[in-house]
Amino acid sequence: EVQLVTSGGGSVQAGGSLRLSCTASGLVFVDYAMTWFRKAPGKEREGVACISRWNSRTEIADYVNGRFTVSRVNAKNTVYLQMDSLQPEDTAMYYCAADRRTTNSDCVLSPNDMNYWGKGTLVTVSS
């Protein structure tokens, strides 16, 4: 079966950094754009960042732009989210999702079209 295993979460102080990893199995990784979402208690799920199949395009949410970077290594079936200058409002469960596409250079931050979801990893940022 398809699995998206997410890791790298933890607790950091404001201004710190974390790198999240999401490794996929059971699918052809290069057929999927990948998107990171987050969900904080009492808040709606929101798209954070996404990356196209061939690493040619990324979309970064405005509220993390300049602090977060998304990348992928297709040979490792892995997508990363590098989070720098973390702030308390970044505290959330972070999820990766796989979005099957036929195009090479697009991705979306909307959850509606995702095919598979990981179980997430918790990021806690203290002030």
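It should be emphasised that the depicted structure is a prediction, and the values quoted were computed from it without experimental measurement. Sequence positions, counted from 1, serve as the residue numbers for this chain.
- With sequence neighbours excluded, the residues that form a side chain to side chain donor-acceptor pair (under 3.5 Å) with Arg57 are Glu59.
- Contact check for Phe68 versus Trp36: no side-chain heavy atoms found under the 4.5 Å cut-off.
- Each salt bridge (Lys or Arg N to Asp or Glu O under 4.0 Å) pair with one or both residues in residues 72-84, not counting sequence neighbours, would appear here, but there are none.
- When the salt bridge (charged side-chain N to carboxylate O under 4.0 Å, His left out) test is applied to Arg19, no partner is found at least two apart in sequence or on another chain.
- Taking all atoms of both residues into account, the shortest heavy-atom contact from Leu109 to Ala61 is CD1-N, 4.1 Å.
- Not counting sequence neighbours, Ser105 has no partner by the side chain to side chain donor-acceptor pair (under 3.5 Å) test.
- Proximity of Asp99 to Asn115: side-chain heavy atoms (C-beta onward) are separated by under 4.5 Å at one or more points.
- Residues that satisfy the side chain to side chain donor-acceptor pair (under 3.5 Å) test with Gln13, not counting sequence neighbours, are absent from this structure.
- Residues that satisfy the salt bridge (charged side-chain N to carboxylate O under 4.0 Å, His left out) test with Asp113, not counting sequence neighbours, are absent from this structure.
- Evaluation of the disulfide bond (SG atoms under 2.5 Å apart) test over residues 72-127, restricted to residues two or more places apart or in two chains, returns Cys22-Cys96, Cys50-Cys107.
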Quick one: do Val12 and Met83 satisfy side-chain contact (heavy atoms from CB on, under 4.5 Å)? Show the steps, please. CA-CA 11 Å; Val12 298; Met83 304 184 295; over 6 Å; no
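- Residue Tyr95 belongs to a hydrophobic cluster whose other members are Phe37, Met93, Val108, Met114, Trp117, Leu122, with links defined by side-chain heavy atoms closer than 4.5 Å.
- Judged by distance alone, the side chains of Thr124 and Thr91 never bring a donor and an acceptor atom under 3.5 Å apart.
- Checked by atom type and distance alone, the side chain of Gln3 never pairs as donor or acceptor with a backbone atom of Glu1 at under 3.5 Å.
- The line from CZ of Arg100 to CG of Leu27 is 9.5 Å long, rounded to the nearest 0.5 Å.
- For residues 116-127, no pair satisfies salt bridge (Lys or Arg N to Asp or Glu O under 4.0 Å), with sequence neighbours left out.
- Pairs of residues two or more places apart, or lying in two chains, that qualify as salt bridge (Lys or Arg N to Asp or Glu O under 4.0 Å) and include a residue from residues 42-55 are Asp31-Arg53, Arg38-Glu46.
- The heavy-atom pair separating Gly118 from Thr6 by the smallest distance is CA-OG1, 4.5 Å.
- Under the rule for a salt bridge (charged side-chain N to carboxylate O under 4.0 Å, His left out), Glu89 has no partner lying at least two apart in sequence or in another chain.
- Between Gly47 and Tyr63, the closest heavy-atom pair is O-OH, 2.6 Å.
- Taking a 4.5 Å side-chain heavy-atom cut-off between Ile, Leu, Val, Met, Phe, Trp and Tyr, the cluster of Tyr80 extends to Val73.
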